[in-house]
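One structure is given here, and the rest of the page talks about it.
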Amino acid sequence: MFFVDSISQIADRIYDIWVRAPHVAHHAQAGQFAMFRIDEKGERIPLTISAVDRDSIRVVFLAVGKTTSQLAYLRTGDHIKDIAGPLGKPSVIRHYRTCVPVGGGVGAGSKGIERVIPQYYSTEVATWE
Ligand SMILES: Cc1cc2nc3c(=O)[nH]c(=O)nc-3n(C[C@H](O)[C@H](O)[C@H](O)COP(=O)(O)OP(=O)(O)OC[C@H]3O[C@@H](n4cnc5c(N)ncnc54)[C@H](O)[C@@H]3O)c2cc1C
């Protein structure tokens with residue numbers, strides 16, 4: 001079981017959730033994702049690891065369908081049944097002085113990148129640094 005540290009709505013249908021998942025947090029690299037299953041009957045969905053803080057990971061998601069809508073109803077202190085990861089090929093970060101990663105969609109991975117330039121989702125803007 002994975003403890004929900006916090007969840008907040010940051011724009012229309014877009015949520016920012018922090019979940020305690022030490023095994024994922026300690027190994028995650030930029031560009032990777034994790035598979036979430038909310039409960040025993042739930043489907044597994046992939047969500048990008050947006051940031052890491054000690055034992056916890058942040059995911060930013062758009063509530064579009066069944067599982068992401070259920071996720072949006074969770075509150076601090078709730079639990080998620082399974083989180084598997086980190087998965088996927090990490091982004092290659094070379095040692096240039098200044099890099100400008102460009103990503104599309106919701107929750108593009110920023111873990112391992114020092115400064116995050118705001119991301120935009122259509123004309124309804126969801127940004128953070
Ligand atoms: C590697 C990977 C990483 C991902 N990371 C993220 C992430 O960080 N944040 C995030 O929000 N999503 C991310 N996604 C997409 C996310 O997995 C899906 O939105 C999720 O699986 C939908 O599940 P659901 O049960 O809520 O919707 P379902 O009930 O399965 O789908 C409902 C309907 O919504 C449509 N739909 C699904 N996704 C979108 C979308 N993004 N925009 C518009 N319509 C859509 C489907 O076509 C379907 O018709 C990622 C996907 C992959 C493959």
Side-chain angles (χ1 to χ4, degrees):
M1 299 290 262
F2 297 88
F3 180 83
V4 176
D5 287 327
S6 67
I7 181 164
S8 57
Q9 186 168 5
I10 58 173
D12 181 34
R13 293 187 299 140
I14 300 181
Y15 296 82
D16 179 344
I17 187 169
W18 281 92
V19 185
R20 212 165 299 161
H23 69 287
V24 182
H26 297 167
H27 298 100
Q29 296 180 59
Q32 291 190 299
F33 65 96
M35 294 298 287
F36 282 63
R37 188 168 67 125
I38 296 178
D39 55 38
E40 277 173 14
K41 293 183 180 168
E43 285 188 24
R44 290 181 173 80
I45 63 162
L47 294 171
T48 302
I49 301 159
S50 169
V52 168
D53 184 12
R54 290 174 288 247
D55 287 347
S56 299
I57 58 170
R58 178 176 68 182
V59 161
V60 177
F61 66 94
L62 176 67
V64 283
K66 187 172 181 224
T67 305
T68 48
S69 298
Q70 287 175 337
L71 209 52
Y73 273 108
L74 294 180
R75 293 292 167 260
T76 300
D78 286 344
H79 290 85
I80 293 171
K81 171 84 176 140
D82 292 323
I83 301 179
L87 301 167
K89 196 173 169 188
S91 305
V92 176
I93 302 173
R94 296 204 174 90
H95 295 282
Y96 299 119
R97 282 184 61 198
T98 303
C99 294
V100 182
V102 178
V106 176
S110 60
K111 199 266 168 190
I113 296 169
E114 197 172 304
R115 181 179 158 82
V116 179
I117 294 170
Q119 303 174 14
Y120 296 91
Y121 174 71
S122 77
T123 51
E124 305 292 323
V125 180
T127 67
W128 77 93
E129 291 197 23

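Just so you know, ligand 1 is whichever comes first in the structure, and atom 1 is the first atom listed for that ligand.
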Only heavy atoms count here, so choose which of A34, P46, S50 is nearest to atom 53 (C) of ligand 1.
P46

Identified side chain to side chain contact (heavy atoms under 4.5 Å, CB included) counterpart of W18 within the set S50, S8, S56:
S56

Apply the ring-ring contact (aromatic ring centres under 6.0 Å, His included) test between F61 and each candidate in F33, F36, Y15; give the one that qualifies.
Y15

Within 4.0 Å of some non-hydrogen atom of T67, the atoms of ligand 1 are 24 (P), 25 (O), 26 (O)

Atoms of ligand 1 less than 4.0 Å from I45 heavy atoms?
21 (O), 23 (O)

Sub-4.0 Å atoms of ligand 1 with respect to non-hydrogen atoms of L62
10 (C), 11 (O), 42 (N)

Under 6.0 Å from the CD atom of E43, do we count more than 12 heavy atoms belonging to anything else shown?
no

Just go through V64, T48, V60, I49 and tell me whose heavy atom is the nearest to atom 36 (N) of ligand 1.
V64

In this structure, CG of L47 is separated from CD1 of I57 (nearest 0.5 Å) by 8.5 Å

Carboxylate-amine/guanidinium proximity below 4.0 Å for R20 and D55:
no

State if K66 counts as touching ligand 1 under the rule of any non-hydrogen atom under 4.0 Å.
yes

For I38 against Q70, the heavy-atom pair lying closest together
CD1-CB, 3.6 Å

For ligand 1, which atoms, with element, lie under 4.0 Å from some heavy atom of T68?
24 (P), 26 (O)

Do D53 and R58 come close enough that some side-chain heavy atom pair is under 4.5 Å?
no

As an exercise, identify every atom of ligand 1 less than 4.0 angstrom from a heavy atom of G65.
24 (P), 26 (O), 27 (O), 28 (P), 29 (O), 32 (C)

Polar proximity ligand 1 side, V59 side, N/O cut 3.5 Å exclusive:
no

Within reach of ligand 1, part of F33 (heavy-atom separation under 4.0 Å):
side chain

